[in-house]
There are 4 protein chains.
Amino acid sequence: MTARLENKKMLKENALLDAAFDLFARIGVNGTTIDEIVKKAGVAKGTFYLYFKDKYDILDMVVVRKTTALLSDAIAAAKARAYEDRADEAAFFTGYLIDQLARDKLLMRIIHKNLSLSLYHKVINDPVRGVELKQVVEDFKRSIQCGGYSGQEMDHLLFILLEMTGSVCYSSIINSEPAPIETIKPILLKTIRKILA
Amino acid sequence: MTARLENKKMLKENALLDAAFDLFARIGVNGTTIDEIVKKAGVAKGTFYLYFKDKYDILDMVVVRKTTALLSDAIAAAKARAYEDRADEAAFFTGYLIDQLARDKLLMRIIHKNLSLSLYHKVINDPVRGVELKQVVEDFKRSIQCGGYSGQEMDHLLFILLEMTGSVCYSSIINSEPAPIETIKPILLKTIRKILA
Amino acid sequence: MTARLENKKMLKENALLDAAFDLFARIGVNGTTIDEIVKKAGVAKGTFYLYFKDKYDILDMVVVRKTTALLSDAIAAAKARAYEDRADEAAFFTGYLIDQLARDKLLMRIIHKNLSLSLYHKVINDPVRGVELKQVVEDFKRSIQCGGYSGQEMDHLLFILLEMTGSVCYSSIINSEPAPIETIKPILLKTIRKILA
Amino acid sequence: MTARLENKKMLKENALLDAAFDLFARIGVNGTTIDEIVKKAGVAKGTFYLYFKDKYDILDMVVVRKTTALLSDAIAAAKARAYEDRADEAAFFTGYLIDQLARDKLLMRIIHKNLSLSLYHKVINDPVRGVELKQVVEDFKRSIQCGGYSGQEMDHLLFILLEMTGSVCYSSIINSEPAPIETIKPILLKTIRKILA
DNA sequence: GATGAATGAGTCTTCATTCAT
DNA sequence: GATGAATGAAGACTCATTCAT
């Protein structure tokens with residue numbers, strides 16, 4: 001296949017992924033039909049099945065793509081700062097993610113509702129960008145070593161922090177509950193700091 | 001209407017609620033059809049619409065009922081202990097809830113996936129048991145007054161603790177991720193203690 | 001059965017007939033459910049079936065009752081005038097009916113859409129008021145004897161006049177099409193006069 | 001799309017329209033189900049919704065199609081006769097329509113029961129055949145100018161004549177009430193002539 | 001590869017009718 | 001007679017998936 005044709009193929013696939021992302025985030029996965037996706041993408045219905053098995057297949061692709069892009073972005077931003085202290089870098093990293101998600105509510109919705117652990121592993125094991133991601137996780141763990149948690153506990157603590165951050169941000173960003181993210185963010189960071197103290 | 005008839009009506013409604021709870025928790029709300037609910041409940045299809053508007057109506061009823069029962073239960077257990085210290089009582093309360101949810105995975109699933117804030121308010125404003133619930137919330141807040149948070153922040157902190165506990169327990173109890181609840185529980189409680197320190 | 005009890009029965013039946021008339025005229029026969037009728041009438045669903053076989057049974061009753069009342073009324077009004085000339089009486093009779101129907105659109109709707117010939121015969125053969133009605137018909141026929149129609153033709157002409165009047169009035173009264181009844185009525189009467197000339 | 005495919009599409013749509021026409025006329029609109037229509041048309045249920053919104057959508061299409069064909073036909077027949085006198089042409093036109101409807105009872109039923117004014121306007125404003133139709137209406141009006149009606153009244157008179165003709169023919173053709181159309185037709189024409197005298 | 005017409009299983013929802021109380 | 005809870009057949013509509021072109 002020529003590069004040009006390859007390109008045309010990618011165009012269709014991307015159009016479908018973009019359309020699906022928007023509809024899933026706005027209407028919800030259940031409320032979205034294949035018909036709406038292909039119409040929004042401007043391709044024929046049959047074309048959908050050339051690229052994806054079904055609705056949940058494209059959902060996974062969407063989530064992986066968006067999550068990878070988000071994390072990749074955060075890594076690049078953090079690297080640009082060239083922090084010497086691992087803890088500072090981790091803090092910046094977290095804050096950066098919160099800010100991104102606060103800005104893009106659709107992204108927040110999609111990721112929080114559909115990022116399962118299996119998809120997370122798909123992201124982390126991506127041959128291209130997985131390496132950097134794993135590095136970030138390691139850095140993060142090293143930065144919290146001083147909190148009084150054992151090595152084994154630390155893995156779990158990271159998970160607790162992620163779950164806490166994720167679900168609190170979701171409620172705050174999407175529903176302004178119990179308050180807008182501007183109000184919640186400092187309290188959240190203060191709490192994280194207390195945990196890591 | 002005679003008491004006997006009234007009773008028969010409640011039997012049908014309860015059969016529907018029980019059937020719906022089980023199916024929602026096992027198969028998921030979307031995967032469950034009205035047909036399955038009525039078949040499991042042993043009533044005719046039309047009977048469903050005698051008591052509920054649609055699937056989401058009965059879902060709300062199920063969640064409210066189960067949440068109310070769970071909290072009511074926890075309150076009774078806490079009162080039986082007659083704690084003098086508010087913090088001790090709050091700790092027991094939290095632990096009791098975790099244990100209950102660990103024991104009943106279906107309950108964990110239903111509540112975590114479907115307890116919205118509006119439904120929470122329905123529970124808390126129940127004329128019969130809402131009073132006690134509000135008292136528990138107040139007690140909890142008083143018990144964490146020493147954590148270095150302002151009055152306003154404290155409300156938000158309670159929310160953060162709830163979200164953290166809820167989402168971590170869900171993952172741990174349902175998927176044993178990142179570890180079984182027996183492993184996670186002490187780390188979670190340790191973390192809460194650090195936050196409130 | 002005592003008169004009092006008999007009376008209570010009639011109350012229910014009348015409540016049902018009144019409710020049905022209103023709903024049929026407003027929502028249409030197909031759009032109306034038994035449930036709505038009994039709710040509006042304030043009786044239990046089962047009670048409906050004590051008095052009527054189904055929706056179309058009560059519809060017939062409603063139409064016969066309303067048509068009989070309307071014609072009875074017109075006859076009484078015509079008699080009160082004590083016309084000497086049959087043609088004058090017939091003209092008054094027709095005008096009276098048009099005015100009544102123009103005033104009561106629901107009545108117009110019910111009668112035009114549901115007065116079949118079989119129901120008309122039920123009305124005309126009513127043992128109590130049928131005699132007067134037949135007399136009116138005979139009077140009418142005699143009054144148009146001069147129009148150049150044979151005896152056989154005259155029966156059919158009466159029908160033509162009724163159909164013309166009925167369908168034109170319906171459209172005019174209900175939809176103001178092609179113009180309001182005030183505009184149409186004189187043209188219609190002028191036309192009838194030309195036919196009978 | 002190829003002409004062949006386009007053709008196959010039209011076949012399905014036509015099959016549905018034909019099936020619907022027959023069922024509506026025979027069983028009535030309310031008595032007819034989508035299921036019966038698709039079964040008779042030999043297409044799948046989903047196909048129905050590809051072409052029509054619901055039962056009332058296809059009903060409108062059927063009525064417009066049939067009415068347009070009928071009038072188109074009558075115009076062609078009248079033109080073939082090349083009448084010099086407008087009144088003669090109008091008389092032929094009316095008679096032609098009555099004969100057609102007497103021959104095709106289903107057509108009579110569908111048109112009389114479902115040709116609303118809004119649909120009539122759809123027919124009359126058809127870009128292809130609407131022009132001729134409007135011409136016929138104008139010719140008709142000019143032909144009755146001598147009846148002693150003012151210009152404004154004439155519009156309404158045309159409506160009165162149409163309503164009279166339509167409802168009388170319906171009863172006579174469908175129910176032979178008060179007599180078969182062969183008997184009624186001359187009386188009806190005689191009456192029309194008297195009105196226009 | 002791309003298309004989009006066609007399919008029909010699957011679901012929801014309504015409502016006339018029954019019958020135990 | 002009166003009630004109204006219960007029924008389940010009937011019907012409308014959706015939508016993922018296929019396949020001939």
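Sequence lines set the chain letters: A, B, ... in the order given, protein chains first and strands last, and positions in each chain run from 1. Keep in mind that this is a model prediction, so the values were computed, not measured.
- In the displayed structure, B/K55 atom NZ is contacted under 6.0 Å by more than 12 heavy atoms of other residues, nucleotides or ligands.
- When the P atom of F/dT21 is taken as reference, atom NZ of D/K9 falls 16 Å away, rounded to whole Å.
- Computed from coordinates, the C/D54 CG to E/dT17 P distance equals 6 Å when rounded to whole Å.
- As a whole-Å value, the separation of D/F52 CZ from F/dC13 P is 14 Å.
- Side-chain nitrogen and oxygen atoms of C/K12 include at least one within less than 4.0 Å of the OP1 or OP2 phosphate oxygen of F/dT3.
- For A/T33, whose side chain is taken as the heavy atoms from C-beta onward, the closest listed nucleotide among F/dA16, E/dC12, E/dA16 is F/dA16.
- Taking atom OH on B/Y51 and atom P on E/dT14, their separation rounds to 17 Å, with Å as the unit.
- Look at A/R109 and A/D104 and you find no salt bridge, because none of the NZ, NE, NH1 or NH2 atoms lies under 4.0 Å from a carboxylate O.
- Applying the 3.5 Å distance criterion, the base of E/dT17 shares a donor-acceptor pair with the side chain of C/K45.
- In summary, B/D35 and B/K39 engage in a salt bridge, as defined by a charged side-chain N under 4.0 Å from a carboxylate O.
- The partner of F/dT21 is E/dA2, by the rule that a Watson-Crick or G-U pair needs both atom distances under 3.5 Å.
- Atoms CE (D/M10) and P (E/dA5) sit 14 Å apart, rounded to a whole Å.
- Using a 4.0 Å heavy-atom criterion, one finds that A/Y49 contacts the bases of the nucleic acid, with or without backbone contacts as well.
- Between A/R65 and A/D18 there is a salt bridge, with a side-chain nitrogen of the basic residue lying less than 4.0 Å from a carboxylate oxygen of the acidic one.
- Electrostatic pairing of B/D126 and B/K122 does not count as a salt bridge here, judged by no charged N lying under 4.0 Å from a carboxylate O.
- Comparing C/V43 and B/G42, the nucleotide of DNA chain F nearest to each residue sits closer to the 5' end for C/V43.
- Computed from coordinates, the A/L50 CG to F/dT18 P distance equals 12 Å when rounded to whole Å.
- Nearest-nucleotide positions on DNA chain E place B/D35 closer to the 5' end than the other of B/D35 and C/I34.
- Taking the nucleotide of DNA chain E with the nearest heavy atom to each of A/A44 and D/A44, the more 5' of the two is matched to A/A44.
- Atom CD1 of C/I58 is separated from atom P of E/dT17 by 13 Å (rounded to the nearest Å).
- The partner of F/dG11 is E/dC12, by the rule that a Watson-Crick or G-U pair needs both atom distances under 3.5 Å.
- One can place CD of B/E13 at 16 Å from C1' of F/dG4, the figure rounded to the nearest angstrom.
- Comparing F/dG11, E/dT3, F/dA2 by their nearest atom to the side chain of C/T47 picks out F/dA2.
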